[in-house]
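Naming convention: chains lettered A, B, ... in sequence-line order (proteins, then strands); numbering from 1 in each chain.
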There are 2 protein chains.
Amino acid sequence: MENRRADTIARALEEMILSGEFAEGARLDEIRLAERFGVSRTPVREAFQRLALTGLIEQIPRRGVFIRQPGAVELMEMFEVMAELEALSGRLAAVRISDGALAQLAEANGNCRRAVEAGDANAYYDENERFHHIIYAEAGSAFLKGEVERLHRRLKPYRRLQLRLRGRLAQSMAEHEEIVAALSAGDAARAAKVLRAHVAIQGEKFHHLLASLKPAAE
Amino acid sequence: MENRRADTIARALEEMILSGEFAEGARLDEIRLAERFGVSRTPVREAFQRLALTGLIEQIPRRGVFIRQPGAVELMEMFEVMAELEALSGRLAAVRISDGALAQLAEANGNCRRAVEAGDANAYYDENERFHHIIYAEAGSAFLKGEVERLHRRLKPYRRLQLRLRGRLAQSMAEHEEIVAALSAGDAARAAKVLRAHVAIQGEKFHHLLASLKPAAE
DNA sequence: GTCAAGAATCTTGTATGCAAGGTGAACCCG
DNA sequence: CGGGTTCACCTTGCATACAAGATTCTTGAC
């Protein structure tokens, strides 16, 4: 579906940006990146086009492309939209999920619990990823899956960050239990409600985190 | 924010595709399009990149780009997601909308009513556009606005089509009245519910339309 | 006559060259 | 000495040339 090198570069760049390799507002030098990847400017420029569409970078004509980290307000907005899409996923998955997927969900959740007990935020994070992706898939809507996964990727680093908040792991775990219960019961409304809250609270937590870090921000 | 010519071409191509200028599955010839627009292949290829991201075309490596019209199932899925985003817009707008915007909404709705009485589907369509865009804007979330407008554009031709269904205009009009009432009352839950139904029913109507047109489809 | 293999051609993907626009610095004038 | 203007350099945007892969047509063999 994708160009060979341009695709590779786009993914690599996305990874680099999301992992915080570049400072906010920094300019991305086409030539330097091309040299770094061992290609010409063309595939780098194509990668820029894609990342600009997803909002990771901003292209200013005749000026260049710049790293664009969303501010606290925009992040809240993104989590807000994410919450709705997750809620929809849950509502659909509640009536469509297979027994096998339910078992996988329980397994991922078990791994999550063990990670919480071990205080291993990274392990929790990984299994949490798996947990949510199962729900996306079981919603049975290819389009929704694409949209929600796109936003999921975009919010990845921020979700990870807020997991560090004290007590958030345990709370998140409890929410997961509720989600599994609702899905197992086939209770669409409850699954939607719980998932919406589960995601929305992440946005709020993150907002708190930001506010405590830089009081004069935004 | 955009490249000069590549942006122009992307918009022109989007318009051409959405207006049904190309057949389903047709290949888009870079060279021919470049000649048609009077530019080289480069900006055309950049435009392709963008359209591929929005799902309008599909790029197959070393094969070319092809028109990709969503099938009935995918359209339903898209309307389903759209319904959630509209519902969120309504829920937020209900508590944030200004008096001025409410007046504009009432005005657009009045124009809609006159269009219905005149049986003018096109006029209704235009004012309907305005009506929804006001709600998107009044939700007060730049990110949500971007997402919902993107989907709105994508679904444009299909929404237009289903308006031709007998009785749909009057029904849609009644739904608009309810939406205005909910927003005026500041009733977030009701606004969300009505808007969700208003959009979801469009997907269903469209499905019926397709089913009646080609019984052996999908 | 049909099927398969190979070559020619066409198309995409990448590299590089060139032009236009913008930024920054230096120089001139007040 | 400060501010404004101009010039030079740098970066992006576009065009074109080149390479690699895919398709199709032709040719040959069975």
Nearest 0.5 Å please: distance from the CD atom of A/E46 over to the CD atom of B/Q49.
4.5 Å

A/M16 side, atom CE; A/I9 side, atom CD1 - distance, nearest 0.5 Å
10.5 Å

Nearest-nucleotide comparison on DNA chain C, the residue closer to the 5′ end among B/R27 and A/R41:
B/R27

Return the set of residues passing salt bridge (charged side-chain N to carboxylate O under 4.0 Å, His left out) with B/E204 (not counting sequence neighbours), or none when no residue passes.
none

To the closest 0.5 Å, what do you measure between CD (B/Q202) and CZ (B/R168)?
5.5 Å

Separation of A/I60 atom CD1 from C/dG21 atom C1', in whole Å?
14 Å

In whole Å, I'd like the distance from the CD atom of B/E46 to the P atom of C/dT12.
16 Å

Judged by nearest nucleotide, the residue sitting upstream toward the 5' end of DNA chain D, B/G38 or A/F48, is A/F48

Could you tell me the separation between the CD atom of B/Q59 and the C1' atom of C/dG13, rounded to a whole number of Å?
11 Å

Rounded to the nearest 0.5 Å, what separation is found between the CG atom of B/L56 and the CG atom of B/L13?
9.5 Å

Could you state the atom-to-atom distance from CG of B/D7 to C1' of D/dT12 in whole Å?
16 Å

State which of C/dT11, D/dA15, D/dA22 makes the closest approach to the side chain of B/R62.
D/dA22

Which of residues 28-37 of chain B sit near DNA chain C, with a heavy atom under 4.0 Å from it?
B/L28, B/E30

Expressed as a whole number of angstroms, how long is the span from A/R45:CZ to C/dT16:P?
16 Å

B/R63 near the nucleic acid: base, sugar-phosphate alone, or nothing, with a heavy-atom cut-off under 4.0 Å?
sugar-phosphate

What is the ring orientation for B/F79 with B/F206, classed by angle as parallel under 30°, tilted 30 to 60°, or perpendicular over 60°?
tilted

Any side-chain N or O of B/T42 below 4.0 angstrom from OP1/OP2 of D/dC14?
no

I want to verify a distance call: between D/dT11, C/dT14, D/dA15, whose nearest atom is closest to the A/R5 side chain?
C/dT14

Under a 4.0 Å threshold between the charged nitrogen and the carboxylate oxygen, would A/E80 count as salt-bridged to B/R91?
no

